[in-house]
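Following: one structure in C-alpha coordinates, then a few remarks.
As the structure lists them, so they are numbered: ligands from 1, and atoms in each ligand from 1.
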Amino acid sequence: VIVLDILNQRLKENFAQDQFHIEAGDCWVYGYDNSRRHALPNAVIFAQSHDDIVKTVQLCSELNLPLVARGRGSGTTGAAVPIHGGVVLSCERMTKIIEYSPENRYIVVEAGTLNGSVQELVAPQGFFWAPDPTSAPYCTVGGNIACNAAGPRSLKYGATRDNVLGLTAVTGRAETLQCGSYTTKSAAGYDLTRLIIGSEGTLAIVSQAILKLLPKPQKKLTIQIFYRDIETAGQAITNIMSLPITPFGCEFIDANALKMIREHSHPELPKDAQAMLIIEVDGNEESVDFDAQLIKESAALPHLQAFTIAKTVEETNRIWKIRKSLSQALRSLSPHKINEDVVVPVAYIPELLNYTEQLSKQFDIPIVNFGHAGNGNIHVNLLVDPLSPEKGDDAQQALELLFDKVLQLKGCLSGEHGIGIEKSRYLSKQLDANTLKLMQQIKSQFDPQGILNPGKLFEARI
Ligand SMILES: Cc1cc2nc3c(=O)[nH]c(=O)nc-3n(C[C@H](O)[C@H](O)[C@H](O)COP(=O)(O)OP(=O)(O)OC[C@H]3O[C@@H](n4cnc5c(N)ncnc54)[C@H](O)[C@@H]3O)c2cc1C
(Lines give C-alpha, C1' and ligand atoms only; values in the text may rest on other atoms or scores of the structure.)
Protein backbone atom coordinates (compact mmCIF):
# COMPACT_ATOMS: atom_id res chain seq x y z
CA VAL A 1 0.00 0.00 0.00
CA ILE A 2 2.86 2.35 0.87
CA VAL A 3 4.58 1.60 -2.47
CA LEU A 4 1.35 2.31 -4.34
CA ASP A 5 0.89 5.58 -2.46
CA ILE A 6 4.41 6.61 -3.47
CA LEU A 7 3.70 5.49 -7.05
CA ASN A 8 0.59 7.67 -7.19
CA GLN A 9 2.49 10.59 -5.74
CA ARG A 10 5.40 10.21 -8.21
CA LEU A 11 3.03 9.90 -11.17
CA LYS A 12 1.41 13.18 -10.24
CA GLU A 13 4.83 14.83 -9.85
CA ASN A 14 6.38 13.51 -13.08
CA PHE A 15 3.60 13.19 -15.64
CA ALA A 16 0.78 15.35 -16.92
CA GLN A 17 -2.65 14.43 -15.58
CA ASP A 18 -3.79 12.93 -18.90
CA GLN A 19 -0.67 10.76 -19.11
CA PHE A 20 -1.55 8.10 -16.56
CA HIS A 21 -4.37 6.07 -15.05
CA ILE A 22 -4.48 4.81 -11.51
CA GLU A 23 -8.17 4.01 -11.10
CA ALA A 24 -8.83 0.27 -11.47
CA GLY A 25 -11.68 0.89 -13.91
CA ASP A 26 -9.38 2.86 -16.22
CA CYS A 27 -6.45 0.45 -15.82
CA TRP A 28 -8.61 -2.63 -16.52
CA VAL A 29 -8.63 -2.23 -20.30
CA TYR A 30 -4.83 -2.21 -20.41
CA GLY A 31 -4.56 -5.62 -18.77
CA TYR A 32 -5.43 -7.93 -21.68
CA ASP A 33 -4.06 -9.08 -25.00
CA ASN A 34 -5.31 -11.41 -27.71
CA SER A 35 -4.42 -14.48 -25.61
CA ARG A 36 -7.58 -13.46 -23.71
CA ARG A 37 -5.60 -13.52 -20.49
CA HIS A 38 -6.15 -10.60 -18.21
CA ALA A 39 -4.51 -9.06 -15.15
CA LEU A 40 -5.01 -5.68 -13.52
CA PRO A 41 -2.01 -3.31 -13.47
CA ASN A 42 -1.58 -0.80 -10.63
CA ALA A 43 -1.06 2.03 -13.09
CA VAL A 44 -0.95 2.77 -16.82
CA ILE A 45 1.46 5.39 -18.14
CA PHE A 46 1.12 6.80 -21.66
CA ALA A 47 4.63 7.62 -22.83
CA GLN A 48 4.84 10.54 -25.25
CA SER A 49 8.60 10.62 -25.66
CA HIS A 50 11.80 8.70 -25.06
CA ASP A 51 12.28 10.70 -21.84
CA ASP A 52 8.89 9.53 -20.55
CA ILE A 53 10.12 5.94 -20.98
CA VAL A 54 13.33 6.75 -19.07
CA LYS A 55 11.30 8.37 -16.28
CA THR A 56 8.97 5.38 -16.09
CA VAL A 57 11.84 2.87 -15.84
CA GLN A 58 13.49 5.01 -13.14
CA LEU A 59 10.24 5.06 -11.20
CA CYS A 60 9.68 1.30 -11.45
CA SER A 61 13.30 0.66 -10.56
CA GLU A 62 13.07 2.87 -7.48
CA LEU A 63 9.88 1.16 -6.32
CA ASN A 64 10.91 -2.28 -7.61
CA LEU A 65 7.67 -2.57 -9.59
CA PRO A 66 7.08 -4.75 -12.67
CA LEU A 67 7.00 -2.76 -15.91
CA VAL A 68 5.21 -4.13 -18.96
CA ALA A 69 5.58 -2.29 -22.28
CA ARG A 70 2.46 -2.31 -24.41
CA GLY A 71 1.79 -1.60 -28.07
CA ARG A 72 -1.82 -2.32 -29.03
CA GLY A 73 -2.30 -5.59 -27.17
CA SER A 74 -2.76 -7.73 -30.28
CA GLY A 75 -0.17 -10.31 -29.18
CA THR A 76 -1.45 -13.84 -28.75
CA THR A 77 0.81 -15.19 -25.99
CA GLY A 78 -0.04 -13.05 -22.97
CA ALA A 79 3.29 -11.20 -23.36
CA ALA A 80 1.67 -7.80 -22.74
CA VAL A 81 -0.46 -8.95 -19.79
CA PRO A 82 0.78 -7.54 -16.43
CA ILE A 83 0.53 -10.83 -14.53
CA HIS A 84 2.45 -9.43 -11.56
CA GLY A 85 0.65 -6.08 -11.54
CA GLY A 86 2.88 -3.00 -11.57
CA VAL A 87 2.96 -0.47 -14.39
CA VAL A 88 1.81 -0.90 -17.98
CA LEU A 89 3.71 1.51 -20.21
CA SER A 90 1.56 2.15 -23.25
CA CYS A 91 3.43 3.35 -26.34
CA GLU A 92 0.23 4.07 -28.29
CA ARG A 93 0.83 7.84 -28.23
CA MET A 94 4.40 7.56 -29.55
CA THR A 95 3.54 7.75 -33.22
CA LYS A 96 5.92 10.39 -34.56
CA ILE A 97 7.75 9.87 -37.82
CA ILE A 98 11.24 11.08 -36.94
CA GLU A 99 12.84 10.87 -40.38
CA TYR A 100 11.83 9.46 -43.75
CA SER A 101 14.69 9.02 -46.18
CA PRO A 102 13.61 7.28 -49.40
CA GLU A 103 17.04 7.78 -51.01
CA ASN A 104 18.68 5.98 -48.10
CA ARG A 105 15.81 3.50 -47.93
CA TYR A 106 14.99 3.92 -44.25
CA ILE A 107 12.35 5.44 -42.08
CA VAL A 108 12.80 6.27 -38.39
CA VAL A 109 9.61 5.98 -36.37
CA GLU A 110 8.53 6.03 -32.76
CA ALA A 111 7.65 2.63 -31.31
CA GLY A 112 3.89 3.21 -31.11
CA THR A 113 3.53 3.84 -34.85
CA LEU A 114 1.20 1.28 -36.41
CA ASN A 115 2.70 -1.15 -38.92
CA GLY A 116 -0.12 -0.20 -41.31
CA SER A 117 0.70 3.52 -40.99
CA VAL A 118 4.32 2.85 -42.01
CA GLN A 119 3.13 0.95 -45.07
CA GLU A 120 0.72 3.74 -46.04
CA LEU A 121 3.37 6.39 -45.61
CA VAL A 122 6.06 4.79 -47.75
CA ALA A 123 3.83 3.27 -50.47
CA PRO A 124 3.52 6.46 -52.60
CA GLN A 125 7.32 6.43 -53.23
CA GLY A 126 7.12 2.75 -54.20
CA PHE A 127 8.49 1.30 -50.93
CA PHE A 128 7.29 -1.12 -48.29
CA TRP A 129 8.43 -2.38 -44.90
CA ALA A 130 8.60 -6.16 -45.14
CA PRO A 131 6.94 -7.36 -41.89
CA ASP A 132 3.27 -7.86 -42.78
CA PRO A 133 1.35 -9.49 -39.93
CA THR A 134 -2.38 -9.85 -40.63
CA SER A 135 -2.81 -7.52 -37.66
CA ALA A 136 -0.84 -4.72 -39.46
CA PRO A 137 -3.63 -2.08 -39.17
CA TYR A 138 -3.71 -2.41 -35.37
CA CYS A 139 -0.29 -3.54 -34.16
CA THR A 140 2.71 -1.32 -33.46
CA VAL A 141 6.27 -1.31 -34.71
CA GLY A 142 7.38 -1.72 -31.04
CA GLY A 143 5.18 -4.82 -30.70
CA ASN A 144 6.47 -6.16 -34.04
CA ILE A 145 10.04 -5.69 -32.80
CA ALA A 146 9.36 -7.27 -29.42
CA CYS A 147 7.77 -10.36 -31.01
CA ASN A 148 9.86 -10.54 -34.21
CA ALA A 149 6.55 -10.42 -36.09
CA ALA A 150 6.25 -11.75 -39.61
CA GLY A 151 3.60 -12.50 -42.21
CA PRO A 152 3.08 -14.15 -45.58
CA ARG A 153 5.79 -12.22 -47.43
CA SER A 154 8.50 -12.98 -44.86
CA LEU A 155 9.19 -16.06 -46.97
CA LYS A 156 11.01 -13.84 -49.46
CA TYR A 157 11.68 -10.66 -47.49
CA GLY A 158 12.33 -11.89 -43.96
CA ALA A 159 10.73 -11.17 -40.59
CA THR A 160 11.10 -8.04 -38.41
CA ARG A 161 14.61 -9.06 -37.32
CA ASP A 162 15.77 -8.90 -40.95
CA ASN A 163 14.22 -5.50 -41.57
CA VAL A 164 15.26 -3.25 -38.69
CA LEU A 165 18.57 -1.43 -39.02
CA GLY A 166 18.80 0.06 -35.55
CA LEU A 167 17.01 0.91 -32.34
CA THR A 168 16.85 3.40 -29.52
CA ALA A 169 15.78 1.73 -26.30
CA VAL A 170 15.84 2.02 -22.53
CA THR A 171 17.21 -0.85 -20.44
CA GLY A 172 15.96 -1.97 -17.03
CA ARG A 173 18.76 0.18 -15.57
CA ALA A 174 17.03 3.22 -17.16
CA GLU A 175 20.02 3.61 -19.46
CA THR A 176 19.53 4.73 -23.06
CA LEU A 177 20.89 2.41 -25.70
CA GLN A 178 21.40 3.24 -29.38
CA CYS A 179 22.32 0.22 -31.40
CA GLY A 180 22.58 -0.66 -35.08
CA SER A 181 23.07 1.97 -37.77
CA TYR A 182 21.36 3.83 -40.61
CA THR A 183 23.06 1.62 -43.17
CA THR A 184 22.43 -1.91 -44.40
CA LYS A 185 26.06 -2.79 -43.66
CA SER A 186 27.56 -2.44 -40.22
CA ALA A 187 30.33 -4.41 -38.59
CA ALA A 188 30.91 -2.58 -35.36
CA GLY A 189 30.54 -4.78 -32.31
CA TYR A 190 27.81 -7.09 -31.10
CA ASP A 191 24.47 -6.96 -32.86
CA LEU A 192 22.28 -5.76 -30.01
CA THR A 193 19.53 -4.76 -32.44
CA ARG A 194 18.91 -8.37 -33.37
CA LEU A 195 19.20 -9.40 -29.72
CA ILE A 196 16.51 -6.97 -28.59
CA ILE A 197 14.24 -7.99 -31.47
CA GLY A 198 12.19 -10.94 -30.23
CA SER A 199 12.98 -10.24 -26.56
CA GLU A 200 9.30 -9.49 -25.76
CA GLY A 201 9.98 -6.40 -23.66
CA THR A 202 12.20 -8.32 -21.22
CA LEU A 203 15.54 -6.63 -22.08
CA ALA A 204 14.69 -3.05 -23.00
CA ILE A 205 11.81 -0.80 -23.98
CA VAL A 206 12.10 0.40 -27.54
CA SER A 207 11.37 4.08 -28.13
CA GLN A 208 12.44 4.45 -31.81
CA ALA A 209 13.43 2.20 -34.66
CA ILE A 210 15.23 2.64 -37.98
CA LEU A 211 13.28 0.48 -40.42
CA LYS A 212 14.77 -0.83 -43.64
CA LEU A 213 12.61 -0.11 -46.66
CA LEU A 214 12.40 -2.22 -49.79
CA PRO A 215 11.22 -1.23 -53.27
CA LYS A 216 7.84 -2.55 -54.29
CA PRO A 217 8.17 -5.00 -57.17
CA GLN A 218 6.57 -3.98 -60.44
CA LYS A 219 4.14 -6.85 -60.57
CA LYS A 220 2.80 -9.70 -58.51
CA LEU A 221 0.81 -12.79 -59.36
CA THR A 222 -1.45 -14.70 -57.02
CA ILE A 223 -2.06 -18.39 -57.60
CA GLN A 224 -4.76 -20.49 -55.94
CA ILE A 225 -4.45 -24.28 -55.91
CA PHE A 226 -6.82 -26.92 -54.53
CA TYR A 227 -5.83 -30.53 -53.87
CA ARG A 228 -7.94 -33.60 -53.25
CA ASP A 229 -5.53 -34.91 -50.66
CA ILE A 230 -3.31 -33.37 -48.08
CA GLU A 231 -0.19 -35.42 -48.83
CA THR A 232 -0.17 -34.09 -52.38
CA ALA A 233 -0.50 -30.52 -51.10
CA GLY A 234 2.50 -31.16 -48.81
CA GLN A 235 4.43 -32.60 -51.73
CA ALA A 236 3.58 -29.57 -53.85
CA ILE A 237 4.92 -27.20 -51.17
CA THR A 238 8.16 -29.19 -51.05
CA ASN A 239 8.41 -29.19 -54.87
CA ILE A 240 7.83 -25.44 -55.08
CA MET A 241 10.37 -24.67 -52.37
CA SER A 242 12.91 -26.85 -54.19
CA LEU A 243 12.69 -24.56 -57.24
CA PRO A 244 15.47 -22.00 -57.75
CA ILE A 245 12.96 -19.16 -57.26
CA THR A 246 11.48 -17.70 -54.06
CA PRO A 247 7.76 -16.99 -54.03
CA PHE A 248 6.99 -14.10 -51.70
CA GLY A 249 4.21 -16.05 -50.09
CA CYS A 250 3.11 -19.67 -49.85
CA GLU A 251 0.03 -20.06 -47.67
CA PHE A 252 -1.68 -23.31 -46.75
CA ILE A 253 -5.19 -24.12 -45.49
CA ASP A 254 -6.26 -27.68 -44.57
CA ALA A 255 -9.61 -29.43 -45.12
CA ASN A 256 -11.01 -28.60 -41.65
CA ALA A 257 -10.18 -24.92 -42.15
CA LEU A 258 -11.78 -24.99 -45.62
CA LYS A 259 -14.91 -26.57 -44.12
CA MET A 260 -15.15 -23.79 -41.53
CA ILE A 261 -14.72 -21.08 -44.14
CA ARG A 262 -17.31 -22.78 -46.37
CA GLU A 263 -19.84 -22.87 -43.53
CA HIS A 264 -19.04 -19.37 -42.36
CA SER A 265 -18.90 -17.31 -45.54
CA HIS A 266 -17.81 -19.12 -48.72
CA PRO A 267 -20.29 -21.90 -49.69
CA GLU A 268 -18.75 -21.97 -53.18
CA LEU A 269 -15.50 -23.62 -52.03
CA PRO A 270 -15.13 -27.13 -53.57
CA LYS A 271 -16.59 -29.68 -51.15
CA ASP A 272 -14.04 -32.45 -51.68
CA ALA A 273 -10.96 -30.20 -51.52
CA GLN A 274 -8.58 -31.35 -48.79
CA ALA A 275 -6.17 -28.41 -49.01
CA MET A 276 -5.80 -24.99 -50.57
CA LEU A 277 -2.54 -23.22 -51.34
CA ILE A 278 -2.09 -19.55 -52.14
CA ILE A 279 1.25 -18.89 -53.80
CA GLU A 280 2.41 -15.39 -54.67
CA VAL A 281 5.32 -14.36 -56.85
CA ASP A 282 6.59 -10.90 -57.59
CA GLY A 283 9.13 -9.25 -59.86
CA ASN A 284 8.84 -7.75 -63.32
CA GLU A 285 6.43 -8.65 -66.12
CA GLU A 286 8.60 -11.45 -67.51
CA SER A 287 9.91 -12.91 -64.27
CA VAL A 288 6.48 -13.39 -62.68
CA ASP A 289 5.21 -15.31 -65.74
CA PHE A 290 8.36 -17.43 -65.71
CA ASP A 291 7.98 -18.15 -61.96
CA ALA A 292 4.27 -18.93 -62.33
CA GLN A 293 5.02 -21.43 -65.10
CA LEU A 294 7.61 -23.21 -62.93
CA ILE A 295 5.13 -23.35 -60.06
CA LYS A 296 2.43 -24.70 -62.36
CA GLU A 297 4.71 -27.55 -63.43
CA SER A 298 5.72 -28.35 -59.83
CA ALA A 299 2.12 -28.27 -58.65
CA ALA A 300 0.79 -30.59 -61.40
CA LEU A 301 0.51 -33.70 -59.21
CA PRO A 302 -2.08 -36.51 -59.50
CA HIS A 303 -4.58 -35.14 -56.93
CA LEU A 304 -4.54 -31.58 -58.22
CA GLN A 305 -8.13 -30.30 -58.31
CA ALA A 306 -7.83 -26.72 -59.56
CA PHE A 307 -5.04 -24.28 -60.45
CA THR A 308 -5.97 -20.64 -60.97
CA ILE A 309 -3.83 -17.59 -61.61
CA ALA A 310 -5.64 -14.41 -60.58
CA LYS A 311 -5.80 -12.10 -63.58
CA THR A 312 -7.25 -9.03 -61.92
CA VAL A 313 -6.99 -7.23 -58.60
CA GLU A 314 -10.57 -8.35 -57.89
CA GLU A 315 -9.62 -12.01 -58.37
CA THR A 316 -6.59 -11.59 -56.11
CA ASN A 317 -8.75 -9.95 -53.44
CA ARG A 318 -11.32 -12.74 -53.75
CA ILE A 319 -8.63 -15.36 -53.07
CA TRP A 320 -7.25 -13.44 -50.09
CA LYS A 321 -10.75 -12.88 -48.72
CA ILE A 322 -11.05 -16.64 -48.32
CA ARG A 323 -7.80 -16.80 -46.34
CA LYS A 324 -8.62 -13.73 -44.27
CA SER A 325 -12.11 -14.94 -43.37
CA LEU A 326 -10.57 -17.90 -41.57
CA SER A 327 -9.80 -16.02 -38.33
CA GLN A 328 -13.39 -14.76 -38.22
CA ALA A 329 -14.77 -18.23 -38.98
CA LEU A 330 -12.64 -19.80 -36.27
CA ARG A 331 -13.69 -17.18 -33.77
CA SER A 332 -17.41 -17.52 -34.42
CA LEU A 333 -17.55 -21.31 -34.87
CA SER A 334 -15.08 -22.13 -32.10
CA PRO A 335 -14.75 -19.24 -29.63
CA HIS A 336 -12.35 -21.20 -27.41
CA LYS A 337 -9.22 -22.67 -28.93
CA ILE A 338 -5.52 -23.15 -28.53
CA ASN A 339 -3.64 -21.49 -31.35
CA GLU A 340 -0.05 -22.65 -31.84
CA ASP A 341 2.41 -21.36 -34.42
CA VAL A 342 5.00 -24.07 -34.71
CA VAL A 343 7.61 -24.24 -37.47
CA VAL A 344 9.30 -27.20 -39.15
CA PRO A 345 11.61 -27.42 -42.16
CA VAL A 346 9.34 -27.42 -45.20
CA ALA A 347 10.00 -31.04 -46.20
CA TYR A 348 8.61 -32.21 -42.83
CA ILE A 349 5.25 -30.43 -43.18
CA PRO A 350 3.46 -33.58 -44.43
CA GLU A 351 4.75 -35.55 -41.42
CA LEU A 352 3.66 -32.79 -39.05
CA LEU A 353 0.18 -32.66 -40.62
CA ASN A 354 -0.19 -36.46 -40.36
CA TYR A 355 0.79 -36.23 -36.74
CA THR A 356 -1.79 -33.55 -35.93
CA GLU A 357 -4.43 -35.80 -37.50
CA GLN A 358 -3.25 -38.63 -35.28
CA LEU A 359 -3.43 -36.37 -32.20
CA SER A 360 -6.90 -35.22 -33.21
CA LYS A 361 -8.14 -38.83 -33.27
CA GLN A 362 -6.23 -39.88 -30.13
CA PHE A 363 -7.66 -37.07 -27.98
CA ASP A 364 -10.92 -36.53 -29.84
CA ILE A 365 -10.09 -32.85 -30.37
CA PRO A 366 -10.81 -31.21 -33.75
CA ILE A 367 -7.62 -29.64 -35.16
CA VAL A 368 -7.49 -26.99 -37.88
CA ASN A 369 -4.16 -26.26 -39.61
CA PHE A 370 -3.23 -23.32 -41.77
CA GLY A 371 -0.28 -21.00 -42.14
CA HIS A 372 2.77 -19.77 -43.92
CA ALA A 373 3.81 -23.09 -45.40
CA GLY A 374 6.74 -21.72 -47.39
CA ASN A 375 8.46 -20.99 -44.05
CA GLY A 376 7.18 -24.27 -42.58
CA ASN A 377 5.16 -22.13 -40.15
CA ILE A 378 1.90 -23.93 -39.41
CA HIS A 379 -0.77 -22.50 -37.12
CA VAL A 380 -2.08 -25.62 -35.40
CA ASN A 381 -5.44 -24.77 -33.82
CA LEU A 382 -6.84 -27.17 -31.26
CA LEU A 383 -10.55 -26.42 -31.11
CA VAL A 384 -10.96 -26.96 -27.42
CA ASP A 385 -11.35 -24.74 -24.38
CA PRO A 386 -8.04 -25.13 -22.51
CA LEU A 387 -9.92 -24.51 -19.25
CA SER A 388 -12.60 -27.13 -19.94
CA PRO A 389 -12.82 -29.59 -17.01
CA GLU A 390 -13.51 -32.48 -19.43
CA LYS A 391 -10.94 -31.80 -22.14
CA GLY A 392 -8.38 -29.43 -20.55
CA ASP A 393 -5.94 -32.21 -19.53
CA ASP A 394 -6.23 -33.90 -22.92
CA ALA A 395 -5.47 -30.60 -24.63
CA GLN A 396 -2.33 -30.14 -22.50
CA GLN A 397 -1.17 -33.65 -23.28
CA ALA A 398 -1.81 -33.16 -26.99
CA LEU A 399 0.20 -29.91 -26.89
CA GLU A 400 3.16 -31.59 -25.16
CA LEU A 401 3.16 -34.32 -27.80
CA LEU A 402 2.84 -31.77 -30.61
CA PHE A 403 5.87 -29.79 -29.34
CA ASP A 404 7.92 -32.98 -28.93
CA LYS A 405 7.13 -33.93 -32.51
CA VAL A 406 7.98 -30.45 -33.82
CA LEU A 407 11.36 -30.55 -32.10
CA GLN A 408 11.99 -34.08 -33.30
CA LEU A 409 11.39 -32.74 -36.83
CA LYS A 410 14.13 -30.08 -36.26
CA GLY A 411 11.49 -27.39 -35.82
CA CYS A 412 10.85 -24.51 -33.42
CA LEU A 413 8.04 -23.83 -30.92
CA SER A 414 7.11 -20.45 -32.34
CA GLY A 415 7.54 -18.93 -35.77
CA GLU A 416 6.17 -15.45 -35.15
CA HIS A 417 3.90 -15.11 -32.13
CA GLY A 418 6.66 -15.57 -29.55
CA ILE A 419 6.75 -17.33 -26.19
CA GLY A 420 5.05 -14.94 -23.73
CA ILE A 421 3.35 -16.82 -20.91
CA GLU A 422 1.65 -19.38 -23.11
CA LYS A 423 4.81 -21.24 -24.05
CA SER A 424 7.29 -20.27 -21.35
CA ARG A 425 6.98 -23.64 -19.65
CA TYR A 426 7.93 -25.40 -22.89
CA LEU A 427 10.97 -23.30 -23.78
CA SER A 428 13.31 -25.70 -21.99
CA LYS A 429 12.17 -28.41 -24.41
CA GLN A 430 13.76 -26.47 -27.25
CA LEU A 431 16.73 -24.77 -25.57
CA ASP A 432 19.38 -26.66 -23.63
CA ALA A 433 20.19 -25.66 -20.04
CA ASN A 434 23.40 -23.80 -20.98
CA THR A 435 21.67 -21.72 -23.66
CA LEU A 436 18.79 -20.88 -21.34
CA LYS A 437 21.21 -19.91 -18.56
CA LEU A 438 23.18 -17.65 -20.89
CA MET A 439 19.96 -15.98 -22.05
CA GLN A 440 18.97 -15.31 -18.46
CA GLN A 441 22.44 -13.93 -17.69
CA ILE A 442 22.05 -11.56 -20.65
CA LYS A 443 18.69 -10.53 -19.22
CA SER A 444 20.39 -9.79 -15.87
CA GLN A 445 22.84 -7.43 -17.60
CA PHE A 446 20.05 -5.46 -19.22
CA ASP A 447 17.68 -5.65 -16.29
CA PRO A 448 19.40 -6.62 -13.00
CA GLN A 449 16.28 -6.06 -10.87
CA GLY A 450 14.13 -8.15 -13.21
CA ILE A 451 11.49 -5.43 -13.49
CA LEU A 452 11.01 -5.65 -17.29
CA ASN A 453 8.08 -7.91 -18.13
CA PRO A 454 8.63 -10.48 -15.39
CA GLY A 455 7.18 -13.97 -15.88
CA LYS A 456 7.46 -13.83 -19.68
CA LEU A 457 9.70 -15.95 -21.93
CA PHE A 458 11.33 -17.76 -19.00
CA GLU A 459 9.29 -19.80 -16.58
CA ALA A 460 11.47 -18.84 -13.65
CA ARG A 461 14.57 -16.74 -13.05
CA ILE A 462 17.83 -18.48 -12.24
C1 LIG B 1 -6.01 -11.15 -35.86
C2 LIG B 1 -4.54 -11.20 -35.55
C3 LIG B 1 -3.67 -11.58 -36.54
C4 LIG B 1 -2.30 -11.66 -36.27
N5 LIG B 1 -1.47 -12.01 -37.27
C6 LIG B 1 -0.15 -12.06 -37.06
C7 LIG B 1 0.74 -12.42 -38.12
O8 LIG B 1 0.33 -12.65 -39.25
N9 LIG B 1 2.06 -12.46 -37.84
C10 LIG B 1 2.55 -12.17 -36.58
O11 LIG B 1 3.77 -12.20 -36.40
N12 LIG B 1 1.73 -11.84 -35.56
C13 LIG B 1 0.41 -11.78 -35.77
N14 LIG B 1 -0.43 -11.45 -34.73
C15 LIG B 1 0.13 -11.20 -33.39
C16 LIG B 1 0.42 -9.72 -33.03
O17 LIG B 1 -0.36 -8.83 -33.81
C18 LIG B 1 1.89 -9.39 -33.21
O19 LIG B 1 2.68 -10.14 -32.29
C20 LIG B 1 2.24 -7.90 -33.00
O21 LIG B 1 3.61 -7.74 -33.27
C22 LIG B 1 1.94 -7.38 -31.60
O23 LIG B 1 2.00 -5.96 -31.65
P24 LIG B 1 1.25 -5.06 -30.55
O25 LIG B 1 1.59 -3.65 -30.83
O26 LIG B 1 -0.18 -5.39 -30.49
O27 LIG B 1 2.02 -5.56 -29.24
P28 LIG B 1 1.44 -5.97 -27.82
O29 LIG B 1 0.53 -7.14 -27.96
O30 LIG B 1 0.94 -4.78 -27.11
O31 LIG B 1 2.79 -6.46 -27.11
C32 LIG B 1 3.45 -7.61 -27.55
C33 LIG B 1 4.81 -7.71 -26.85
O34 LIG B 1 5.59 -6.60 -27.25
C35 LIG B 1 6.09 -5.91 -26.10
N36 LIG B 1 6.20 -4.51 -26.50
C37 LIG B 1 5.27 -3.71 -27.07
N38 LIG B 1 5.78 -2.51 -27.34
C39 LIG B 1 7.07 -2.54 -26.94
C40 LIG B 1 8.14 -1.59 -26.93
N41 LIG B 1 7.98 -0.34 -27.40
N42 LIG B 1 9.34 -1.96 -26.44
C43 LIG B 1 9.54 -3.22 -25.95
N44 LIG B 1 8.56 -4.14 -25.92
C45 LIG B 1 7.35 -3.81 -26.41
C46 LIG B 1 5.06 -6.20 -25.03
O47 LIG B 1 5.62 -6.04 -23.73
C48 LIG B 1 4.74 -7.65 -25.34
O49 LIG B 1 5.76 -8.45 -24.80
C50 LIG B 1 -1.81 -11.37 -34.96
C51 LIG B 1 -2.71 -10.97 -33.96
C52 LIG B 1 -4.05 -10.88 -34.25
C53 LIG B 1 -4.97 -10.45 -33.17
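The protein non-hydrogen atom at the shortest distance from atom 29 (O) of ligand 1 is Gly75 N, 2.8 Å. For atom 28 (P) of ligand 1, the closest non-hydrogen atom of the protein is Gly73 N, 3.5 Å.
Contact between Asn453 and ligand 1 is present, with at least one heavy atom of the residue lying under 4.0 Å from the ligand. Not a single heavy atom of Ser327 sits closer than 4.0 Å to an atom of ligand 1.
Of all the heavy atoms of Asp33, none lies under 4.0 Å from any atom of ligand 1, so neither backbone nor side chain is involved. Residue-level proximity to ligand 1 for Ala111 is carried by the side chain, the only part with a heavy atom below 4.0 angstrom. Of the heavy atoms in Lys456, none comes closer than 4.0 Å to ligand 1. Contact annotation for Cys147 and ligand 1: only side-chain heavy atoms (C-beta onward) come within less than 4.0 Å of the ligand. Contacts of Ala204 with ligand 1, taken as heavy-atom pairs under 4.0 Å, involve the backbone alone.
For ligand 1, the polar-atom distance check against Ala69 finds a nitrogen or oxygen pair separated by under 3.5 Å. Residue Glu416 places at least one N or O, backbone or side chain, under 3.5 Å from an N or O of ligand 1. At least one N or O atom of Thr140, backbone or side chain, sits closer than 3.5 Å to an N or O atom of ligand 1.
Listed by chain and residue number, nothing satisfies the side-chain hydrogen bond (donor to acceptor under 3.5 Å, both in side chains) test with Gln445 (two or more places apart in sequence, or in another chain).
With rounding to the nearest 0.5 angstrom, the OG1 atom of Thr202 is 12.0 Å from the CD1 atom of Ile451.
Taking the six-membered ring where the residue is Trp, the centroids of Tyr426 and Phe403 are separated by under 6.0 Å. Proximity of the aromatic rings of Phe46 and Tyr30 is defined here by a centroid distance below 6.0 angstrom, and this criterion is met.
Using modelled atom types, one finds no donor on one side chain facing an acceptor on the other under 3.5 Å when comparing His379 with Glu340.
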